[in-house]
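Here the structure comes first, spelled out in structure tokens, and everything after it is commentary.
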Amino acid sequence: MTTPELSFTLPDNLSDQDLLEGLGEMFRLEPDNRSGGYRTVYHDSFDWRIYQAGGVLAETHGATSHCLEWRDRKNGALLGTQPLTRTFRRFVRDWKSGEMRERLEPVLEMRAVLPRVELESDVRGYRLLNEDDKTVVRLLLEQSRSRLSGDTGEFRPLGRRLRLLPVRGYDRELAEATTLLMGRFQLRQTAPVMLDEALAAIGRRPGDYSAKLDFQFKPDQRADTVVREIHLFLLDIIEANVGGLIADVDSEFLHDLRVAVRRIRSALNQIPRVFPEEAEPFRSEFAWLGKITGPTRDLDVYLLEFGRYRNSLPEPFRADLDPLRDFLTAHRKVEQRKLVKHLKSARFQKLCAEWRAFLESPPPRSPSASNAARPIREVADRQIRKMFKRVLKEGMALHADSPPAELHELRKSSKKLRYLMEFFQNLYPAKEISPLIKSLKKLLDALGMFQDREVQANKLRQFAHQMEQEGTVQTDTLLAMGMLVDGLLRGQQEAHADFLRRFSMFAAKGNQKILRQLIASTATDQERTE
Amino acid sequence: MRIIGVYNIKGGVGKTATAVNLAYLSARDGYRTLVWDLDPQGAASYYFRIKPRIKGGSKNMVRGKQDLDELIKGTDFENLDLLPADFSYRHMDLVLEDAKKPTKQLLNLLRPLSYEYDRVFLDCPPSISLVSENIFRAADILLVPMIPTTLSVRTYKQLLDFFADHKVGGLRMLPFFSMVDRRKSMHRDLLSQLPAVYGELLRTVIPYASDVEKMGIHRAPLGRFASHCPAQHAYERLWKEVQQWL
């Protein structure tokens, strides 16, 4: 393994001259051709997937090279590199095939890689030589400044730093130089990857966008205060995604926005009587937002699935399916344009502004809504209990021949239960609630698999008719789509069996007992005996 | 990881200069590059100012007692490392013969490095031996520098015959003219005749140049001390051409 590079912060009172003289007593120093101005752009997805997976991706513009470097964010070790001979491609799937693409594709999936932070560095480079005039360590003195990508304002300065780049096989010399720097000059080591520091200099931190719910409520907090906090977080998610959605960067902006809308609607319905009357009109407005974002998302799903669809057909038929992709792409373009219009509309702006104003206004001291002033734990217990009972009832009634509509009802109830449990999960011991949520997610996946296949099969039939009406489709394409529909419907049967298994796992006596205990604290006597 | 063998049955055709200069360009482009100096004479190691010596010799290495990882040395250039030669490499055939699957040993030794390097150059000793067979199995492409003389062409034919007799799947042969002196009529003649006979010949021609000989004085690739000389430009063109096959 290559020894990772070492970085040190340089105090203001230590001059480069003093440092170099000190090192010069031990090694012969030669200026390196690395001296000069460098530009680095750190790339990551909107939700920082590379960073979350322990890496950083830097596009470096040097004097002679322009490449993409993927490094370990803790020790700076190079995990992969790729010269950039053409403009940077946003989607990993469009990168040159190779190990880097293979390893980053599962991390980024459908997310675009975007420039996040820019770094400019003035570098003075030296080589430390041994008695054969062989380079044994490289040393860089750097002064950098950063700004957010796309920002046209001033760069903000970072602290001066000294970097020691190891030369493989010369660890002894590296250790000698390190001892000198840390001993005689009292230098302190710092993270070799500058991304955190570059972000800190502009008042940001990586991972400052995450759509994951992670609340810290207290059981006795007033319900309306807690619910406002939940809604504010969800509104933030909506607003954070609008820019990327309008710019059509990748499909996840719309996905995250839609999940937030669904959660808002679920919270409005499933945590009742916490808000005054004036909150009522928002229900229909969020229903509208759910509706207008639907068509683009539907087409996104087919486009995301397209590769899998194509590969599910025998090789000779795969190319026949390609006109479907063109059809989907063309229609998506139209829907996306309509969606952007809606997102720029006064109605959408008003919805966000008024909802925020409502949520940020102080809750009434003596609220009229009956649950508003209740402790949140009590409200959460009651709602989870109610929904859990409904899920059990609906699930138990199902059998191998149940009509899809009944499964659909169960899916809706299960999703409501999942959202409730996720909103309030920190009110319950993690050890107990987490496995329940996980098991519920698996049940939902199985239900989704069942239902989505049927929906997709029906939708494909609808597309086939539409393509025919538009008058461009070849018979071979229709046949290939027919094969796809057949495959989906067969898959649906398998998903049905899987669902029954998942449900019995979720509804296992053990789980029921745990959940009953969790939510028993505030149950009324009548509820307890039920 | 892509493995590039630089090989000719005949010696003195510019193998080491090719391996060293192309590896330098590969590293300059940002690829993590390793040169394995397999020639016991250790010329590539010398060019990089690294002692041609490995702990335990080739015996311990082939027998797996010494990981390649620990033997690698960084050169003076970023992204460019070297696995030094060792005088014991002259007996490597004997060591390989004792091993199981004797023709796949080098590939097995290189495998653990596949996440660490993007490009590996094998600077091979001349002659056909068990070592060269190992190289043919390990490499994705085989660069064959060839001086445009009748003798060189003859050895190239020998190599093709060898390949015809031994199954070496997936190896792409890329011969090219090296050490070309256009003042010599034989060089000029063969330069114009051979591409029609050997379609695989690369277009780039490396001229004979005293700068290449000076690599031994500077102990560095051309790019370090003669980045604008015609030979360096020729290596840049060659590298561009080779990359199309990687």
Side-chain angles (χ1 to χ4, degrees), chain A residues 1-3 5 28 30 32-34 58-72 77-85 96-103 123 125-140 163-174, chain B residues 1-2 24-35 45-55 66-84 111-119 140 217-221 223-225 227 232 236 239-240 243-244 246:
Chain A
M1 278 303 287
T2 319
T3 314
E5 73 166 80
R28 214 163 75 68
E30 276 275 315
D32 194 17
N33 57 0
R34 280 197 58 146
E59 180 189 356
T60 58
H61 297 257
T64 53
S65 67
H66 177 202
C67 60
L68 208 53
E69 289 178 352
W70 174 35
R71 290 181 183 276
D72 183 300
L78 198 60
L79 302 172
T81 174
Q82 198 167 284
L84 284 171
T85 44
K96 214 175 144 194
S97 61
E99 278 157 21
M100 202 155 128
R101 185 175 116 179
E102 267 167 43
R103 291 166 73 191
V123 177
Y126 295 89
R127 292 183 294 131
L128 276 50
L129 309 176
N130 68 6
E131 62 281 8
D132 292 334
D133 281 345
K134 165 82 184 66
T135 309
V136 288
V137 182
R138 277 189 201 88
L139 179 146
L140 304 174
R163 291 166 62 193
L164 288 184
L165 312 184
V167 175
R168 198 168 179 155
Y170 297 91
D171 289 352
R172 186 172 51 83
E173 289 83 350
L174 179 72
Chain B
M1 182 171 79
R2 285 276 180 267
Y24 169 85
L25 293 172
S26 161
R28 192 197 64 181
D29 284 351
Y31 291 111
R32 294 164 303 164
T33 306
L34 176 73
V35 178
S45 307
Y46 181 80
Y47 284 151
F48 286 121
R49 297 168 190 263
I50 293 168
K51 292 188 181 79
R53 193 173 59 227
I54 57 166
K55 252 187 245 164
Q66 184 77 49
D67 280 347
L68 288 200
D69 199 53
E70 293 161 24
L71 303 171
I72 294 171
K73 293 275 186 187
T75 69
D76 281 12
F77 309 96
E78 262 189 289
N79 294 328
L80 182 52
D81 292 345
L82 177 96
L83 188 55
R111 262 196 198 119
L113 298 176
S114 64
Y115 274 151
E116 281 190 66
Y117 292 100
D118 304 307
R119 306 277 182 256
D140 297 297
I217 299 169
H218 292 276
R219 297 186 71 178
R224 168 51 72 82
F225 66 92
S227 57
Q232 172 66 3
E236 302 231 14
W239 176 229
K240 223 175 229 174
Q243 282 190 89
Q244 292 169 7
L246 288 172

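The shown structure was predicted, so the numbers you read here are calculated from the model rather than taken from an experiment.
Separation of atoms OH (B/Tyr117) and CD (A/Glu99) is listed at 13.0 Å; rounding is to 0.5 Å. How far CD of B/Glu78 is from CG of A/Asp32: 7.5 Å, rounded to the nearest 0.5 Å. For the atom pair A/Leu129 CG and B/Asp76 CG, the distance stands at 7.0 Å (nearest 0.5 Å). Residue A/Arg168 holds its CZ atom at 11.5 Å from CG of B/Leu82, rounded to the nearest 0.5 Å.
Between chain A and the residues B/Asn79, B/Thr75, B/Leu113, B/Ile72, the most heavy-atom pairs under 4.5 angstrom are made by B/Ile72. For chain B, the option among A/Val167, A/Leu79, A/Thr81 with the highest count of heavy-atom pairs below 4.5 Å is A/Thr81.
B/Lys51 and A/Asp132 are joined by a salt bridge, as a carboxylate oxygen and a charged side-chain nitrogen come within less than 4.0 angstrom of each other.
Residues B/Gly30 and A/Cys67 come closest through the heavy atom pair CA-SG, 4.3 Å. Between A/Tyr170 and B/Gly74, the closest heavy-atom pair is CE1-O, 3.6 Å.
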Practice task
With side-chain contact (heavy atoms from CB on, under 4.5 Å) as the test, would you mind laying out the steps for A/Asp133 and B/Arg219 before giving the verdict?
Solution key: CA-CA 10 Å; A/Asp133 281 345; B/Arg219 297 186 71 178; over 6 Å; no

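If you measure heavy-atom distances from A/Leu78 to chain B, the contacts under 4.5 Å come from both the backbone and the side chain.
Listed for the A/Lys134 side chain is no donor-acceptor partner under 3.5 Å among the backbone atoms of B/Arg49.
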